[in-house]
Structure formats: C-alpha cells, structure tokens
Amino acid sequence: MSNVTNLLTFIDASPTAFHAVANLCAELEKSGRTRLTEGEGWKLEPGRGYFVTRNMSSVIAFDIPTGEADSFRMVAAHSDSPTFKIKENAELSVRGKYTKLNVERYGGMLFSTWFDRPLSVAGRVLVKTDKGMEARLVDIGRDIMVIPNVAIHMNREINDGFKYNAQTDLMPLFGDGESKGEFIKLVAEAACCDVGEILGSDLFLYPRTPGRLWGRENEYILSPRLDDLECAFSGLTAFLAAKAPEKGVNMLCVFDNEEVGSGTKQGADSTFLRDVMKRIFISLGKGREELYRAMAASFMLSADNAHAVHPNHPEKTDEENCTYMNEGIVIKFNANQRYTTDGVSAAFFHRLLKENEIPCQHFANRSDVAGGGTLGNISGSHVSINTLDIGLAQLAMHSACETAGAKDVDYMVNGMRAFYDTRVTLGRDGEFMF
Ligand code: ZN
C-alpha cells in the first residue's frame with residue numbers, strides 16, 4: 001500500500017491523541033523496538049531501538065547507534081487536533097425532550113465545519129481495579145451525535161457572518177428525553193466496565209468522516225486531523241525506514257497539546273524531551289560534557305502542517321513566499337522566530353533536499369499577518385538545538401475536514417528519511433560537515 005493510503009488508515013484509526021500514540025507505539029513495537037516506561041530503570045544497548053510515552057498521548061522513540069552517540073537527529077510533530085472535550089457532567093436536558101452533550105472547545109477550530117455531520121466520542125477512561133486504577137482507550141465508534149444548524153428561516157442573517165457562542169451554539173444533540181443518563185453507559189460499554197467503575201475520563205468528539213482521495217487524478221486528500229497527523233505519520237514512516245544509525249541518535253518525538261499551547265507535562269513545553277535525552281546519556285555511561293557536545297551537533301525538524309494558497313483568497317498569503325499542495329516540503333520562516341528556521345538550518349536542509357531530488361517551497365506570512373505558532377520554538381526553550389520548521393501545504397487548517405496534496409506525503413517521508421540518514425559534525429561555530 002502507498003504511503004498516502006496508509007496515512008488515511010492511520011488517521012481513521014486515530015480519533016484522539018491517545019489513539020494516535022497507541023497506533024504509533026504499535027508500529028514501533030512491531031518493528032522490534034522496545035517499550036520503556038519513565039518509572040523504571042533504563043538499560044540501553046547500542047544498535048537497539050526504544051520508545052517511551054508520557055500521559056499515553058506523547059511518545060518519543062529513539063535508535064541508539066552502534067558507534068558514538070555524538071549527536072541527535074530529531075523529527076517532532078504533534079498528536080492532537082482541535083476538537084470538543086466532554087465536560088465531567090456530560091448531559092444537558094432540553095424541555096425534557098432532548099438530551100445534549102455538554103462540551104467545551106479544545107484548541108481553535110473552525111466552528112461552522114462541525115455542524116450537521118455525524119460525530120462520535122473517543123478518548124481515555126480511568127477504570128477502578130483491585131490494585132488501584134487503569135487507563136483504557138475507548139472509541140464508541142458509531143454515529144451518536146450531531147451539532148445541528150439553526151434553519152435559515154430562524155436566522156436570516158447567518159450568511160452575512162455569524163458569531164458563534166461556545167456555550168449555546170455548539171452543544172451536540174445526543175438523543176431524545178429518554179436518553180438522559182445513557183451517555184455514561186455507552187462509555188462504560190466501550191471501556192468494558194460497569195458505570196460505577198469509571199473514576200475519571202478524557203473524552204473528545206470526533207467527526208465520523210473517513211479520509212478520502214479526491215480530484216481529477218486523485219491528487220488531493222480530504223480528512224480530519226491532517227494537522228498534524230500527516231507529519232506524525234510521515235515522521236514514523238521515515239524513522240522506521242531510516243538506516244540503523246552508526247553514529248548519532250535518531251529520534252522521533254510526537255507531542256500532545258500543541259493546539260492549546262504545549263504547556264502540559266507531556267507537551268513540547270515540558271521536560272519530556274530533555275529528560276529522555278539525559279537518560280539516554282546516563283544509561284550509556286556518558287557525562288554532561290558529552291551531552292552538551294552532542295546537542296551542539298544536533299538538528300531538529302519541527303514538522304507541522306502549513307497553509308497552501310487559498311483558491312478563493314490568494315491575497316491572504318505573501319506573493320512569493322507562499323506554498324501549493326503537491327509541490328513539496330514547506331520550509332517556514334518568521335523573522336520573530338515563531339518559526340525557528342534560520343539561514344543555517346535552511347541551508348543544511350536545502351542541500352540535503354537538493355542532493356536527494358526532493359522538491360521544497362518556502363513560506364512566510366504576509367508581513368501584516370501574525371500567523372500561528374508551532375512546536376519548534378517551544379521545545380527549543382528546553383533543548384536548544386538547530387531547528388527547522390517544516391510542514392506540508394494544506395487548505396482549511398483546523399476545519400473538521402482538511403485538504404492536502406496526495407503527492408506530498410512521499411516528499412515528506414523521503415525528506416525526513418534523508419535527514420535521518422545524514423550525519424552532521426560540527427567545526428567552528430557556523431561550520432558544519434555533512
Ligand atoms: Zn499543527
């Protein structure tokens with residue numbers, strides 16, 4: 001199967017960050033890499049691969065080289081996407097005739113795209129056990145709710161622009177009056193437990209819209225969560241396909257909570273990455289001095305999707321520093337370093353892509369537009385290494401269904417793979433050999 005077909009299968013099976021990470025871990029385990037936990041001692045061996053999760057929603061995988069661990073080659077992406085989280089007291093009754101679910105927005109989605117489409121619920125449930133409790137992933141996996149629009153006859157001005165209220169306009173209809181009290185039963189059934197055994201949960205809505213190829217030559221893909229599961233999947237595919245490293249550590253980092261600022265214990269703004277890097281060096285019997293030297297010779301590709309020129313609004317993007325679907329990996333620039341790319345990291349990547357005949361394009365926001373942030377500069381505040389912000393061009397970012405280019409997945413996988421297979425050594429400041 002092609003990378004793009006596998007991507008759509010991966011996204012369909014990953015309705016939440018928990019599921020995305022579980023699916024990434026399953027592939028890592030299948031490839032022979034060993035699962036570690038943060039609570040146990042690590043005995044790492046040269047030539048072996050490992051992975052560790054935090055909160056079940058972020059994962060870092062790494063391959064120890066057969067030779068010197070003198071640098072890190074990292075790809076980072078995020079596992080979460082904008083959605084709605086279900087509140088603890090989940091049901092609301094309307095005149096005794098309807099039962100709605102009580103939800104809160106997670107991240108900045110395009111509200112209107114969530115209306116009138118079948119939705120379901122997935123996430124994590126904490127179940128009481130004899131010894132304490134255990135987390136179980138759940139996916140109700142059926143069309144169980146819809147957020148209905150108000151008819152145009154009752155809201156004549158909607159097409160002139162409408163301000164949505166998150167408390168009144170966005171609650172999904174779950175059922176009739178009889179459905180009150182039933183939601184938790186569906187969750188318990190999905191978690192294979194009794195209602196009374198549920199101690200806590202993190203449950204989210206997701207659109208029941210399978211990803212698909214479309215266009216005259218099937219040149220586009222339409223799917224939920226392309227931002228950023230497209231880059232997470234590409235990172236995994238490249239990581240698994242890369243040569244076993246002789247020198248330097250290959251790493252794949254997929255962080256949760258990018259859509260809400262990364263400031264959680266498992267987000268890019270946590271100690272997770274730095275902790276793993278330190279523990280690798282401790283386990284290999286290396287000192288701090290060696291870690292600092294390795295960090296100086298390291299590179300990170302921070303991979304998060306980018307904006308393609310919009311067919312109806314080309315004026316929204318810079319005239320020249322703009323990107324199109326199916327035209328290659330996007331390198332993102334921002335003078336204020338919301339994107340981390342600088343001359344050094346761009347030059348390194350330009351040469352690498354050129355030598356491997358992989359197309360790339362350049363993105364900068366219009367100078368009068370602030371644009372969004374991403375992972376690179378946030379993780380950089382904990383682990384300061386050469387970083388490049390890249391992504392794939394897509395339309396409708398943060399819509400319930402986004403559009404991207406079908407050819408770009410291969411470009412990204414090949415570019416990341418070439419990166420993993422390239423060893424960089426450091427000369428004086430500003431001089432790199434590769
Ligand atoms: Zn993103």
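In each ligand, atom 1 is the first atom listed, and ligand 1 is the first ligand listed. Note that the structure is a prediction, hence the values are computed from the model and not measured.
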Is there an N/O/S atom in [X] that lies less than 2.8 Å from the Zn ion (ligand 1)?
{"X": "Asp304", "result": "yes"}
{"X": "Asp228", "result": "no"}
{"X": "His78", "result": "yes"}

Shortest-distance N/O/S atom, Asp227 versus the Zn ion (ligand 1):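 Relative to the Zn ion (ligand 1), the closest nitrogen, oxygen or sulfur of Asp227 carries the name OD1.
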
From CA spacing to verdict: side chain to side chain contact (heavy atoms under 4.5 Å, CB included), Ser270, Arg54: CA-CA 11 Å; Ser270 73; Arg54 188 178 277 188; 4.0 Å; yes

Ring pair (Phe, Tyr, Trp, His ring centres under 6.0 Å) against His310, all qualifying residues, sequence neighbours excluded: His313

Salt bridge (Lys or Arg N to Asp or Glu O under 4.0 Å): pairs with one or both residues in residues 329-356, sequence neighbours excluded: Arg351-Glu355

Pair Gln394, Asn305: side-chain N/O donor-acceptor within cut-off below 3.5 Å: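 Judged by distance alone, the side chains do pair up.
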
